[in-house]
Amino acid sequence: MSISRRQFLKLCGATGAAISVSGSLIPEIVAAMEKATAGNPPVVWVQGSGCTGCSVSLLNTVHPNIAEVLLKIISLKYHPTVMASAGEKAFDYLYATADKNKGKFFMAVEGSVATGAGGRYCIPGKLKGKEVTFVEMMKDLGTKAAAVLALGQCGAYGGIPAGKPNPTDAKGVMEFFKDNGIKTPVINIPGCPPHPDWMVGTIAHVLLFGIPELDSDGRPKLFFGTNVHDNCPYRSYYEEKKFAKFFSEEGCRVELGCKGPESFADCWKRGWNNNVNWCIHNSLCLGCTEPGYPDRFAPFYEKTTG
Amino acid sequence: MTKLYIDPITRIEGHLKIEVDIDGGKVKDAKSWGMLYRGFENILIGRDPRDASQIVQRICGVCPTAHGTASVRCLDNAFKVKPPTNGRIIRNLIFGADYLMSHILHFYHLVALDYVKGPNTEPFIPRYEGDYRLDPKTNKVAVDQYIKALDIRQKCHQMVALFGGRTPHVYGMVVGGATEVPTVDKMVSFKWRLKEIRDFIDDTYLPTVYLVAGAYKDLFEVGTGCKNLVSFGVFPLDDDEKNFLLKPGSYTEGKDLPFDQNQIKEYVKYSWYDDKTTGLHPGKGMTVPAPEKKTGYSYVKAPRYRDLPHEAGPLARMWVTNPVLSKNANKFLGVDAKKEIRFRDLGDKAFSILGRIAARAEECKLVADAMDKWIMELKPGAPSFKKADIPKEATGFGFSEAPRGALGHWITIKDHKIDNYQVCSATIWNAGPRDDKGQLGPIEQALVGTPVKDVKNPFNIVRVVRAFDP
């Protein structure tokens with residue numbers, strides 16, 4: 001079965017009432033991907049200064065489910081939280097995969113790059129008896145990868161570790177590559193964490209059709225192209241000037257500190273965790289997909305000015 | 001003597017390296033190296049205190065609700081606010097659902113591959129080879145369960161999100177309670193999902209744990225550890241938060257003692273932090289990194305309770321609480337099903353790799369069964385949140401138990417801003433290094449004496465470490 005890019009985009013962006021919204025990545029896509037990825041483009045997933053939340057969010061993917069992603073769609077050669085292997089055996093395999101597939105493999109980066117103290121704030125493993133800092137790993141593997149998926153706030157823009165006073169000089173991958181003259185293309189998939197559909201959908205797009213169209217912050221427009229506030233189900237309250245004064249009161253959440261007006265993501269139609277809920281229905285948006293989070297939106301529970 | 005490094009230790013949260021000296025087929029000495037510093041405590045300084053409960057969740061994406069819970073309790077304490085009954089219960093339900101997620105994830109996706117041979121495809125190869133003891137039929141059942149459990153843990157996260165907004169990193173718990181007022185449809189939706197999870201725990205998870213244990217019985221003798229245990233208590237059962245489902249207390253040098261937070265100190269002689277900050281109570285704690293320090297070998301501090309290493313986690317909580325176990329335990333131990341077996345009836349077997357894994361599975365059932373009652377104690381439409389102003393000056397503390405162990409947060413507020421914030425987390429208790437007196441951390445102690453048959457495939461080392469769920 002084949003699938004056109006147009007159909008794919010439509011499916012990824014679909015909203016669903018009867019089926020789960022996450023079900024927009026339907027079996028047809030799994031089948032198309034299985035076919036398209038018969039050559040198994042290798043994917044390695046590495047972790048820097050992060051919390052593993054992006055990995056846990058990826059495990060929450062519903063359609064395709066994570067077993068399908070791991071066993072049918074991608075050839076995941078390295079993932080610190082999932083893989084069987086450990087120690088030197090695992091680390092050797094990561095570097096051997098990168099050398100063998102130079103320019104062909106995709107690298108998912110979870111967590112930011114801690115550049116302070118000569119990289120000593122994050123040391124993900126030992127290679128041939130020598131400690132490798134995450135900075136060294138990014139320089140080495142970053143140069144060899146076909147493209148990098150910079151995951152979460154941390155991978156994309158530095159995230160919480162880069163929050164004031166940024167004690168470890170943490171940076172997002174794109175900035176780190178720029179500082180070090182690394183030309184490998186980077187796709188940002190921000191969010192703290194990113195929605196599983198954003199990760200699986202972007203990986204699917206990359207494998208089937210190449211790098212998707214990105215916005216000026218390096219994010220796929222497919223998922224990050226709409227303003228949360230403009231599309232919010234509570235928007236009519238805003239027009240009526242009916243503002244919630246405490247959590248759970250009916251009304252627009254802007255007075256509570258909602259960052260929807262400054263945020264670009266499709267949470268408003270996609271929902272979270274198989275669409276059982278989402279942030280603004282629960283309380284408010286904290287702007288976790290935006291460059292500059294968290295400092296740009298702090299204090300979180302105060303109305304933003306300007 | 002052989003020196004062996006396992007770096008990275010995979011299937012955990014974070015960056016951990018293990019160094020062991022092996023002599024005569026056994027571990028003689030061990031060091032647990034924590035290889036990541038992000039500086040959360042320093043990032044929190046100067047912020048709006050309410051923002052702490054969001055920032056700290058990012059310490060751990062596997063247990064964000066644990067940090068969220070400790071933080072909102074810490075803020076409640078500093079703001080002098082008592083959440084309404086619905087708020088307390090909703091927090092318990094959000095956190096409880098994440099407990100179930102974490103325990104199921106731990107057994108099936110983090111540790112099972114040390115006992116069960118995964119599919120012959122990446123990322124399940126390469127792997128250690130040799131010591132897989134399940135017959136092919138049982139092994140296949142276990143692999144099928146690995147896949148089933150992926151779906152079950154994902155559904156646990158749907159439960160977290162029903163009241164948490166979304167997860168990882170929830171929005172639904174705040175100082176003063178919870179954000180959502182419970183509605184009947186949400187309660188039913190939660191209860192219906194919980195039924196499926198409870199069935200899985202009863203019919204699949206628990207029996208499989210004991211089935212696997214039966215094939216690896218010698219691992220009830222491996223990984224003893226320090227035999228001091230501490231629990232801060234979790235899941236408050238009353239609005240004054242005096243009684244807990246899993247009780248606070250310690251088991252110190254063979255004695256049962258009440259929990260006293262003044263007995264906590266953090267040492268840093270072997271950690272990459274300034275020596276001047278050693279021996280402090282976390283309420284007065286400081287985090288001053290010193291990445292070049294020569295005696296250091298970890299970014300993890302060495303917390304001590306009553307100046308002794310204490311293990312935290314399911315084993316500690318179950319030992320301190322000592323509840324009745326499931327009938328699976330009777331069957332495993334060959335005891336009449338009508339008899340009540342309590343956790344301490346496991347005796348020394350509890351202090352082992354498999355003791356920790358069994359404790360976690362039994363605790364998972366205990367929490368799930370309690371949640372089934374809590375959900376019906378919610379009052380639809382009644383408030384779950386009480387507003388409180390940020391104090392100008394205040395101190396506060398909040399305790400909880402992450403799925404992987406004891407967790408404390410301490411705050412000092414000055415001029416309505418965070419002046420100091422300290423976190424003493426579960427993994428610090430277990431995976432920390434030596435203290436200033438040279439006493440080994442709990443994981444280090446548990447490794448000493450571990451038999452290692454094949455240094456190229458050091459199964460037992462990773463089994464000991466992963467059983468703690470660091």
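All chains are named by letter (A, B, ...) in the order of the sequence lines, taking the proteins before the strands, and each is independently numbered beginning at 1. It should be emphasised that the depicted structure is a prediction, and the values quoted were computed from it without experimental measurement.
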Take atom NZ in Lys456(B); do more than 12 heavy atoms of anything else shown fall under 6.0 Å from it?
-> no

For atom NZ of Lys417(B), decide whether the heavy atoms of other residues, nucleotides or ligands shown that lie under 6.0 angstrom number more than 12.
-> no

Can you give me the closest heavy-atom contact between [X] and [Y], atom names plus distance?
X	Y	answer
Asn60(A)	Pro168(B)	ND2-CD, 4.1 Å
Pro126(B)	Ala84(A)	O-CB, 3.9 Å
Ala117(A)	Glu292(B)	O-OE2, 4.5 Å
Pro299(A)	Asp51(B)	CA-OD2, 3.2 Å
Gly39(B)	Pro167(A)	O-CG, 3.8 Å

[X] [atom1] to [Y] [atom2] distance, which is reported to the nearest 0.5 Å:
X	Y	atom1	atom2	result
Thr179(B)	Arg253(A)	OG1	CZ	8.5 Å
Phe300(A)	Ser53(B)	CZ	OG	9.0 Å
Leu127(A)	Asp7(B)	CG	CG	10.5 Å
Lys164(A)	Asn42(B)	NZ	CG	13.5 Å
Tyr78(A)	Thr10(B)	OH	OG1	7.5 Å
Trp272(A)	His169(B)	CH2	NE2	9.5 Å

Does the side chain of [X] reach to within under 4.5 Å of the side chain of [Y], using non-hydrogen atoms?
X	Y	result
Asp295(A)	Arg47(B)	yes
Ser283(A)	Val174(B)	no
Ser189(B)	Val276(A)	no
Tyr37(B)	Thr168(A)	yes
Thr52(A)	Glu13(B)	yes
Glu131(A)	Trp33(B)	yes
Ile59(B)	Cys51(A)	no
Met35(B)	Cys122(A)	no

If I measure from the heavy atoms of chain B, does [X] come under 4.5 Å with its side chain, its backbone, both, or neither?
X	answer
Ala114(A)	neither
Tyr293(A)	side chain
Glu88(A)	backbone
Ala67(A)	both

From CA spacing to verdict: salt bridge (charged side-chain N to carboxylate O under 4.0 Å, His left out), Glu302(A), Arg50(B) = CA-CA 10 Å; Glu302(A) 294 289 338; Arg50(B) 295 169 297 175; 2.7 Å; yes

Can you tell me if Glu122(B) and Tyr93(A) form a side-chain donor-acceptor pair at under 3.5 Å?
-> yes

Side chains of Asn277(A) and Glu180(B): donor-acceptor distance under 3.5 Å anywhere?
-> yes

Under 4.5 Å from any heavy atom of chain A - which part of Leu113(B) | side chain

Relative to chain A, which segment of Tyr171(B) carries a heavy atom at a distance below 4.5 Å: side chain, backbone, both, or neither?
-> both

Is it true that a side-chain atom of His15(B) and a backbone atom of Gly125(A) form a donor plus acceptor pair closer than 3.5 Å?
-> no

When you measure from the side chain of Arg58(B) to the backbone N and O of Gly50(A), does any donor-acceptor pair fall under 3.5 Å?
-> no

Give the member of Leu36(B), Ile12(B), Ile6(B) that has the highest number of heavy-atom pairs under 4.5 Å with chain A.
-> Leu36(B)

Pair Lys126(A) + Glu19(B): basic N to acidic O under 4.0 Å | no

Once the angle between the rings of Phe385(B) and Phe247(A) is folded into 0 to 90°, is it parallel (under 30°), tilted (30 to 60°) or perpendicular (over 60°)?
-> perpendicular

Can you tell which of Pro193(A), Pro294(A), Gly53(A) has the highest number of heavy-atom pairs within less than 4.5 Å of chain B?
-> Pro193(A)

